[in-house]
Amino acid sequence: MSTSGQHQFRYTQTPSKVLHLRNLPWECNEEELVELCKPFGKIVNTKCNVGANRNQAFVEFTDLNQAISMVSYFASSSEPAQVRGKTVYIQYSNRHEIVNNKSPGDVPGNVLLVTIEGVEAGDVSIDVIHLVFSAFGFVHKIATFEKAAGFQALIQFSDANIASEARNALDGRSIPRYLLPEHVGSCNLRISYSAHTDLNIKFQSHRSRDYTNPYLPVNPTAIEGVVQPALGPDGKKKEHESNVLLASIENMQYAVTVDVLHTVFSAFGTVQKIAIFEKNGQTQALIQYPDVTTASVAREALEGHCIYDGGYCKLHLSYSRHTDLNVKAYSDKSRDYTIPDSSQLAAQVPPTAWQNPQAAMYPGNEYTVTAAMQAQVAGGQVPSWDPNLQAGRQTFVSTPSTFPGQSYTAPPVPGYAPSALPTGSSPLTQTSPVAHGAASMGITRPGVSPNVNIHGSSSPAPGSSPLLQANPLSRNLVQPWSQLNVRPEGVSPPGHPPYYGQ
DNA sequence: AGCACA
């Protein structure tokens, strides 16, 4: 008489050693599942927090009879199966084994990866996140970031037990409404484990916090994402100064390598770090000085000037929002000069290492946030460039041998008066970066050129070591002068004589 | 309260 008489249930009930459990309480974890099921046999695998509501689970016994005994028992029992007082419905799974029980995000650790669904980054403050997660124990560090997956946060606890409690309690739940702006609708938390064990927070900011280190400097201007200065209401650039310069390189017909940039920008002070990246098809670079003053001088001096003569590689400089770059110490695209002997790493670092430098650290679903991680775990100090985007520009970055032969001129070295340079006295003088570079600078911005005005005409003798550092052909900045006479194959001498501007 | 994962 029932309509289901000749119908099977939508989900077949043929016995399987895998059982499907539903109506589980949201708190349910693996241990509770095992407690419920182990009287009937040995459990070889489980999967909990399944389904949209995370209230289903699978349990796999070693053999079919054990699963059958459990289903049979509760089918005839007056006491339903329960977890924490909640009735659990048990049936045979329509599969015969549990696959992929543990995704990387399920491997417990002391750091949680929290995705806050349905909100924009600005809707949930780091203080709210801190408040919510502090209910389970001392929160050591928080780093937030925004990616395709949504607004995410890494929450570091002292140990995996506390992290686990927080995850079990909060996964799938919402941040209380009263903690959120009114316009926010639902706001579900999706929580998995991060592979990280210790976040590297460099600044206290609205994006990242280290609660273990109250003396960590505050970086009030660290704003995620956009590197370029924001536009003010009047449409003019709102520039706040920074010790890090953002250089956009226009008309980049010639290679602009880390070494070239280091040479150019070192004229104004110690360059700490450099990172080159592509943005919207344009090459950009971040150059970090120890202080704002140095950066400011460099910016004023170099803005609008060309690295190479003929209008090539014109620099446009602005202040980055970043204050401390998190770059690979030695790669094609970045350099950290604050690390001793970084140049020695050259031979040891595979050329492709930078392309996915932290891949091993970001298994599974964290993969999608790698770029943001590099930025935000470091405290929001790095723009969210994707190193992988830099493929395909090898023509410009490989070696000096790819310079167009006849038109090569070397980059400038501000700080030495062009007039002090010898011309034609040696093969090298014609390629002198000082000569051409200074000329280029002088032409582009007469009177502002740092090489003339800042350091005056107190030039060193030709051939002294600063000149070496200017030569982009030099792969190694400490290369002895004599070695520079041996040009890399394929690099032609300059096609035009040195030009000395005023 | 009704089947994951790739």
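Each chain gets a letter, A, B and so on, in the order its sequence line appears, and its residues count up from 1. Quick caveat, the model's predicted, so the values are computed rather than measured.
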Tell me every residue that passes side chain to side chain contact (heavy atoms under 4.5 Å, CB included) with A:S174, counting only those two or more places apart in sequence or in another chain.
A:N188
Side-chain N or O of A:Q56 less than 4.0 angstrom from OP1 or OP2 on B:dA1?
no
Starting at atom CD of A:Q91, determine the distance to atom C1' of B:dA1, rounded to an integer number of angstrom.
9 Å
In short, side-chain hydrogen bond (donor to acceptor under 3.5 Å, both in side chains) pairs touching residues 64-82 of chain A with sequence neighbours left out are A:T62-A:Q66
Rounded distance in Å - CG (A:L24) to C1' (B:dA4):
14 Å
Ring-on-base stacking between A:Y89 and B:dG2, under 5.5 Å between centres and under 30° between planes: is it there?
no
Donor-acceptor pairs under 3.5 angstrom involving side-chain atoms of residues 116-126 of chain A: please list them, not counting sequence neighbours.
residue	atom	partner	partner atom	Å
A:D123	OD1	A:H183	NE2	3.0
A:D123	OD2	A:E120	N	2.9
A:S125	OG	A:D127	N	3.3
A:S125	OG	A:V128	N	3.1

Run the salt bridge (Lys or Arg N to Asp or Glu O under 4.0 Å) test against A:R177 and tell me which residues pass, sequence neighbours left out.
none
How long is the line joining CG of A:L33 and P of B:dA4, in whole Å?
16 Å
note: A:N53, atom CG; B:dA4, atom P; distance rounded to Å ~ 13 Å
In whole Å, I'd like the distance from the CZ atom of A:R54 to the P atom of B:dG2.
15 Å
Nucleotide B:dA4, atom C1' - distance to CG of A:N49 in whole Å
12 Å
Ring centroid separation A:H140 to A:Y211 under 6.0 Å:
no
What are the residues of residues 59-81 of chain A, sorted by number, that bring a heavy atom to within less than 4.0 Å of DNA chain B?
none
With respect to the phosphate group of B:dA4, does any side-chain polar atom (N or O) of A:R95 fall under 4.0 Å of OP1 or OP2?
yes
Starting from P on B:dA1, measure out to CD on A:Q13 and report it in whole angstrom.
17 Å
Quick check for you: among B:dA4, B:dG2, B:dA1, whose closest atom lies nearest to any side-chain atom of A:H20?
B:dG2
What is the distance from NE2 of A:H96 to C1' of B:dA4, rounded to the nearest Å?
16 Å
With side chains defined as the heavy atoms from C-beta onward, is the minimum distance between A:R95 and A:V18 less than 4.5 Å?
no
ring-ring contact (aromatic ring centres under 6.0 Å, His included) involving A:F74 - partner list, sequence neighbours excluded
A:F40
